[in-house]
Protein chains: 2
Amino acid sequence: MDRLPSVKIRDSLEQRIVEGELGNGKRLDETELSRFYGVSRTPVREALQRLAESGLAEHLPRRGTFVRSPSLSQLVEMFEVMAELECMAIRLAARRATANDIDALEKDNETCRAAVAANDTKKYYEVNARLHGRIYQMSGNSFLASEARRLHDRLRPFRRLQLRVRGRMEESMAEHDIILAALRDGDANGAMETMKKHITIVGVRFNDLVSSFNRIMGDE
Amino acid sequence: MDRLPSVKIRDSLEQRIVEGELGNGKRLDETELSRFYGVSRTPVREALQRLAESGLAEHLPRRGTFVRSPSLSQLVEMFEVMAELECMAIRLAARRATANDIDALEKDNETCRAAVAANDTKKYYEVNARLHGRIYQMSGNSFLASEARRLHDRLRPFRRLQLRVRGRMEESMAEHDIILAALRDGDANGAMETMKKHITIVGVRFNDLVSSFNRIMGDE
DNA sequence: TACGACCAAATTGTATACTAAAAATTGGAG
DNA sequence: CTCCAATTTTTAGTATACAATTTGGTCGTA
């Protein structure tokens with residue numbers, strides 16, 4: 001199944017925004033993009049409609065479409081909601097996890113640990129995302145899983161910067177260990193407690209986040 | 001500010017789906033819709049793209065766009081997530097509510113009570129939605145507010161059916177009373193407890209059963 | 001009758017042409 | 001030189017024309 005051009009363009013734009021190539025406030029010019037992708041304006045417009053619907057861009061009638069990264073306060077709000085969803089997922093997962101599920105998590109966690117030892121941020125991020133995705137699945141609530149994954153992806157660039165903060169990867173690993181131990185014991189409350197701390201940015205030094213944030217947002 | 005035709009069409013379709021006029025599986029024919037709305041296919045297509053992105057419809061490449069109502073198990077999952085978001089909102093609201101906020105809630109609640117007395121389901125739904133929306137706002141987390149409102153709107157037709165169940169409106173009122181009382185006392189936990197019961201449709205046991213069932217059966 | 005290939009109608013996806021609204025520019029008055 | 005207004009230019013929104021793909025049916029053959 002080969003995807004439609006309009007969908008491919010949408011995905012490409014989404015990635016370019018998330019990667020930071022298309023910074024906040026950047027005007028997404030229909031003609032320019034149509035030249036870039038070698039198609040007419042029609043599929044580009046459809047891609048932009050979908051982008052705007054998902055919240056990554058804002059469409060102003062008869063003005064154009066603009067990349068809209070969240071403000072700092074919106075970011076904090078999003079992390080707050082993310083923490084709640086992760087908590088919910090881990091609570092459900094603790095009740096429903098099978099031995100196989102937990103084994104898979106353990107395996108990912110060890111890969112994470114290796115990445116930390118090698119100081120491989122990219123690898124760590126990748127496996128970490130898989131681990132969290134697995135927990136969403138384990139919750140048994142596929143709607144929750146899809147919502148959590150959506151938010152997770154949207155917070156991706158910020159989460160990644162957060163990991164660059166010195167010592168954050170090690171700290172994160174320790175939390176993973178506690179969460180997994182709680183899961184193994186079926187201790188839903190313990191897992192939730194740690195997960196909340198794990199996600200919420202309040203645990204991180206606020207200044208670190210702000211400086212990362214400014215670095216990302218600084219370039220237009 | 002007058003909205004663009006493509007946006008108006010999107011909103012109209014969304015409403016028609018939610019109202020049940022366009023039932024599950026209904027094919028959204030581009031030509032037919034363009035005739036219906038008296039415009040060309042272009043704005044209709046853009047409206048359909050947005051609908052698909054928001055999850056109300058599904059777009060199959062070169063086949064068409066179809067209304068996709070959630071299955072029973074998806075519905076249960078969505079209510080489960082809704083309950084979690086409502087809990088979060090009420091927890092935050094309990095900490096941040098001002099006297100004015102609570103007065104406004106009380107007023108809505110009394111209007112609700114009048115609607116129950118008159119057995120006016122439509123009115124009850126309307127004011128009930130406003131009351132919940134107010135709680136989202138009171139949480140102080142605007143991202144949470146927008147997400148909760150989105151889900152609330154999407155669950156609207158099912159919530160409405162639920163209210164037709166005999167005695168459900170009265171029961172719902174009683175819960176509102178308890179929640180408001182807890183809010184007035186700043187009792188976040190009490191408010192959350194009741195809210196959880198208030199939202200969850202069938203009870204946690206059933207959710208667990210359906211979720212495990214789906215996991216076993218491999219239905220994603 | 002059953003099955004398969006091929007053709008035709010319908011419908012989606014894309015390109016292009018046209019319209020209308022907003023930004024940019026130019027020209028003049030003060 | 002500055003400010004404002006009219007005009008030009010650019011660009012978003014829409015219509016229409018065309019291409020590509022699926023689908024249903026028909027015809028022919030085993």
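The sequence lines fix the lettering, A, B, ..., with proteins before strands; numbering per chain opens at 1.
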| message | Is there a side-chain contact between B/S40 and the phosphate of D/dA15, meaning an N or O under 4.0 Å from OP1 or OP2? | response | yes
Identify whether the distance between the nearest side-chain nitrogen and carboxylate oxygen of [X] and [Y] falls below 4.0 Å.
X      : Y      : answer
B/E46  : A/R50  : no
B/R3   : B/D11  : yes
A/R27  : A/E32  : no
A/R134 : A/D108 : yes
B/R91  : A/E84  : yes

| message | Does A/R130 qualify as a cation-pi partner of A/Y124, given the criterion of NZ or CZ under 6.0 Å from the six-membered ring centre and within 45 degrees of its axis? | response | no
| Looking just at side-chain N and O atoms, do B/H176 and B/N128 make a donor-acceptor pair shorter than 3.5 Å? |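 A donor-acceptor contact under 3.5 Å links the two side chains.
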Polar atom pairs (N or O), protein with nucleotides 5-12 of chain D, under 3.5 Å:
from: D/dT11; atom 1: O3'; to: A/R27; atom 2: NH2; distance (Å): 3.4
from: D/dA12; atom 1: OP1; to: A/R27; atom 2: NH2; distance (Å): 2.5
from: D/dA12; atom 1: O3'; to: A/R62; atom 2: N; distance (Å): 3.3

| Straight-line distance of B/I17 CD1 to B/L56 CG, nearest 0.5 Å | 5.0 Å
| request: Please state how far atom NZ in A/K8 lies from atom P in C/dG13, giving the value in whole angstrom units. | output: 14 Å
| query | Heavy-atom contacts under 4.0 Å between residues 46-57 of chain B and DNA chain D, which residues? | reply |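 The stretch gives none, as no residue of it lies under 4.0 Å from the strand.
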